[in-house]
Amino acid sequence: MAAAEDGGGGGGAVYDPSYVPDSVKTFVAHMYRHIRDKNVYEIHQMYEGGFQRLSDRLFRDAPWPAAEAVSPYCDGDHVFLLLYRELWYRHAYARASSSSSSAPLTAGQRAESWANYCDLFSVVLHGVVNMQLPNQWLWDMVDEFVYQFQSFCQYRAKLKNKSDDELHQLKQFDKAWNVYGVLNYLQALVEKSMIAQILEREKEGLEQFTATDGYDYQGGSNVLKMLGYYSMIGLLRIHCLLGDYRTGLKCLAPIDLNQQGVYTIVIGSHISAIYHYGFANLMMRRYAEATREFSKILLYILKYKQYHQKSPQYDQILKKNEQMYALLAICLSLCPQHNLIDENVSTQLKEKYNDKMTKMQRFDDEAYAAYDELFSYACPKFITPSPPALDQPLTNYNQDAYRLQLKLFLYEVKQQQLLSGLRSYLKLYSTITIAKLAQYMEVDEATLRSILMTYKHKMHTVDNNGKIVSSADFDFYIKEDVIHVMESKPIKRHGDYFLRQILKFEEMIGELEKVQFD
């Protein structure tokens, strides 16, 4: 890339991995010095601002210089070069996914990135790492690690149009991004960091973790501790991609989502944790829990998204925001719990999905299609972790895992649609005989009893503590062939109502004062 620095990625010149522009030399030298000095503020400024600006200005159409080329500007420091390569591959993945003109990454390049992560995490796990890095970078590291695993699984599953060279590379690098290796690294970071024990001691007042945002102000390092913390969210995400929702929720269990935690400091980790937590609860029929958490995060995004407009993650924030509204619409259609959601979120939800939710209340193919559409839009990109059989006729199977999860979800919807009819009748009565209700529903009494027991089963689930909880908005019992209905009364949140009114009055007073001074 022996071209002028302002050439926008070389202006079409041939990429030379050994050429290092002066601004990159300065960037590397300063970043290396700040990391050695543990200057977290300056590292964050260079990571969030400097790296992005240089990428946009110089490397839109070409990779960054090779790690070997920048080595002289960081004293050849092994750990720093591992961090640099992590940024290098992340930039390469971003270019490949966002630009149609960029060549897709080969299996060999993906395997090289995997090897770099293995080396980096091995240093953190088994070496002596005396660094303080910004939480944003450490979160992005775990998030990118999971993303590249997901991307490799999708790439490997599209075999139909692969060239002989691509198939040869898949055989050559068949150990790269192995699902057991990925899970083992994340689990090792959780265990070696002892983050679960740290969070437990914090509850007892014996440790400070949240109060310091995970940083070590005693001259130590936050790297292992925070990588372990964020790895719990990474494990939840991977298990959701694999369809193992119960294990995913167990991995996140040490983090108390009901409390303000370190996961909320970086908006990416906050959204990822709640999105996957809510989705896992939805798939396990814990609709009330999913509704509650989706409502909280959507209200947070509604209030604060304008502060992240300049963030590289802004588009991803907006996308996840829309997906979570779709998932919330599904939750409320399957199990109406409108008392659990904020008024502002409810207003936004009606604007986006009121027509769809009206359709989903019916018992026809149109309702079924609406569930299918929203689930397909909002679900994670499920993966098949096992490597393909390359000696078989080549085909694409990257959609197989998604189709299986969709099939399971729609099977549950069909069962719930039958219960929706029962729910609509029972909400009209405080007592009704089984014979009369069976007549209304056009089924015999034995079938109705089976439907009633199915409702009891479907509206109860086991929470994270092993306790059986109900997610129904009403309950019933049968005595001498008479159904007695007990509707749960929603908790009136007077405090929230008064706070909203106070804020409205403050806004009105502010507007009046402006008019007065004008």
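- Ring to ring, Phe51 and Tyr47 are not that close: their centroids are 6.0 angstrom or more apart.
- Side-chain atoms of Glu289 and Tyr277 form a donor-acceptor pair, as typed in the model, at a separation below 3.5 Å.
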>> For Phe145 and Phe149: C-alpha separation, side-chain torsions, deciding distance, then whether ring-ring contact (aromatic ring centres under 6.0 Å, His included) applies.
In response: CA-CA 6 Å; Phe145 180 66; Phe149 164 64; 7.9 Å; no
Validation: residues 222-244 side-chain donor-acceptor distances under 3.5 Å, sequence neighbours left out:
unit_1 : atom_1 : unit_2 : atom_2 : d
Asn222 : OD1    : Leu133 : N      : 3.0
Asn222 : ND2    : Leu133 : O      : 2.9
Tyr229 : OH     : Val262 : N      : 3.4
Tyr229 : OH     : Tyr263 : N      : 2.9
Ser231 : OG     : Leu227 : O      : 2.6
Arg237 : NH1    : Asp143 : O      : 3.4
Arg237 : NH1    : Asp143 : OD1    : 2.7
Arg237 : NH2    : Gln150 : OE1    : 3.1
Asp244 : OD1    : Thr247 : N      : 3.4
Asp244 : OD1    : Thr247 : OG1    : 3.0
Asp244 : OD2    : Thr247 : OG1    : 2.8

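- Between Tyr397 and Pro388, the closest side-chain pair of non-hydrogen atoms falls below 4.5 Å.
- For the pair Arg110 and Phe173, the cation does not sit on the ring face, since its NZ or CZ is not both under 6.0 Å from the ring centre and inside 45° of the axis.
- Judged by distance alone, the side chain of Asp342 and the main-chain N or O of Asn344 form a donor-acceptor pair under 3.5 Å.
- Not a single donor-acceptor pair under 3.5 Å links the side chain of Gln52 to the backbone N or O of Gly49.
- The neighbour count for Lys250 NZ, taken as heavy atoms of other residues, nucleotides or ligands under 6.0 Å away, does not exceed 12.
- Counting all heavy atoms, side chain and backbone alike, Ser71 lies closest to Leu81 at OG-CD1, 3.8 Å.
- Using modelled atom types, one finds a donor on one side chain and an acceptor on the other under 3.5 Å when comparing Lys320 with Gln323.
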>> I'd like to know whether Asp400 forms a salt bridge (charged side-chain N to carboxylate O under 4.0 Å, His left out) with Arg403, so could you lay out the CA-CA distance, the side-chain angles of the two residues, the decisive distance to 0.1 Å, and finally the verdict.
In response: CA-CA 5 Å; Asp400 287 4; Arg403 291 194 192 101; 3.3 Å; yes
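- Among the candidates Phe409, Phe279, Tyr287, the single residue satisfying the side chain to side chain contact (heavy atoms under 4.5 Å, CB included) test with Ile330 is Phe409.
- Atom CD in Glu293 sits 10.5 Å away from atom CG in Leu340 (nearest 0.5 Å).
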> Checking side-chain contact (heavy atoms from CB on, under 4.5 Å) for the pair Met31/Ile35: CA distance, chi angles, key distance, verdict?
Replying inline: CA-CA 6 Å; Met31 178 70 94; Ile35 288 177; 4.0 Å; yes
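- If you check the side chains of Trp177 and Ser151, you find no donor sitting under 3.5 Å from an acceptor.
- No side-chain donor-acceptor contact under 3.5 Å links His168 to the backbone of Asp164.
- Judged by distance alone, with hydrogens and angles left aside, the side-chain atoms of His91 form no donor-acceptor pair with the main-chain N or O of Arg60 at under 3.5 Å.
- Between the side chain of Lys192 and the main chain of Leu125, a donor-acceptor pair closer than 3.5 Å is present.
- Side chain of Thr291 to backbone of Cys331: no donor-acceptor contact under 3.5 angstrom is found.
- Inspection of the Ser113 and Gln148 side chains reveals an N or O donor paired with an N or O acceptor under 3.5 Å.
- Partners of Lys25 by salt bridge (Lys or Arg N to Asp or Glu O under 4.0 Å), not counting sequence neighbours, listed by chain and number: Asp22.
- A donor-acceptor pair is defined here as one N or O able to donate and one able to accept, closer than 3.5 Å; no such pair exists between the side chain of Ser295 and the backbone of Arg292.
- The ring pair (Phe, Tyr, Trp, His ring centres under 6.0 Å) contacts involving residues 69-89 comprise Tyr32-Phe80, where partners must be two or more places apart or lie in separate chains.
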>> Please evaluate residues Asn116 and Glu112 with respect to the criterion side-chain hydrogen bond (donor to acceptor under 3.5 Å, both in side chains), reporting the C-alpha separation (whole Å), side-chain torsions for both, the decisive distance (0.1 Å), and the verdict.
In response: CA-CA 6 Å; Asn116 187 68; Glu112 288 167 7; over 6 Å; no
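- Remark: the backbone N or O of Arg201 is not paired with any side-chain donor or acceptor of Glu207 at under 3.5 angstrom.
- The six-membered or imidazole ring of Tyr325 lies away from that of Phe294, with a centre-to-centre distance of 6.0 Å or more.
- In the model, Ser221 has no side-chain atom that pairs as donor or acceptor with a side-chain atom of Gln132 under 3.5 Å.
- Remark: the backbone N or O of Ala288 is not paired with any side-chain donor or acceptor of Gln337 at under 3.5 angstrom.
- Heavy atoms from other residues, nucleotides or ligands lying under 6.0 Å from OH of Tyr217 number more than 12.
- Remark: side-chain polar atoms of Asp77 are paired, donor with acceptor, to backbone N or O of Val79 under 3.5 angstrom.
- Atom-to-atom distance recorded for Glu191:CD and Asn184:CG is 9.5 Å, nearest 0.5 angstrom.
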Atom pairs and distances, donor-acceptor, side-chain atoms in residues 375-386, under 3.5 Å, two or more places apart:
unit_1 : atom_1 : unit_2 : atom_2 : d
Ser376 : OG     : Asp372 : O      : 2.8
Ser376 : OG     : Asp372 : OD1    : 3.1
Ser376 : OG     : Tyr402 : OH     : 2.6

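- Residues satisfying the side chain to side chain contact (heavy atoms under 4.5 Å, CB included) test with Thr395, not counting sequence neighbours, are none.
- A donor-acceptor contact under 3.5 angstrom links the side chains of Asp16 and Ser18, judged on distance only.
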Return all side-chain donor-acceptor pairs below 3.5 angstrom for residues 253-261, not counting sequence neighbours, or 'none' if the list is empty.
unit_1 : atom_1 : unit_2 : atom_2 : d
Asp256 : OD1    : Asn258 : N      : 3.0
Gln260 : NE2    : Thr264 : OG1    : 3.3

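- For Arg36, the CZ atom is loosely surrounded, since the number of other residues' heavy atoms within 6.0 Å does not exceed 12.
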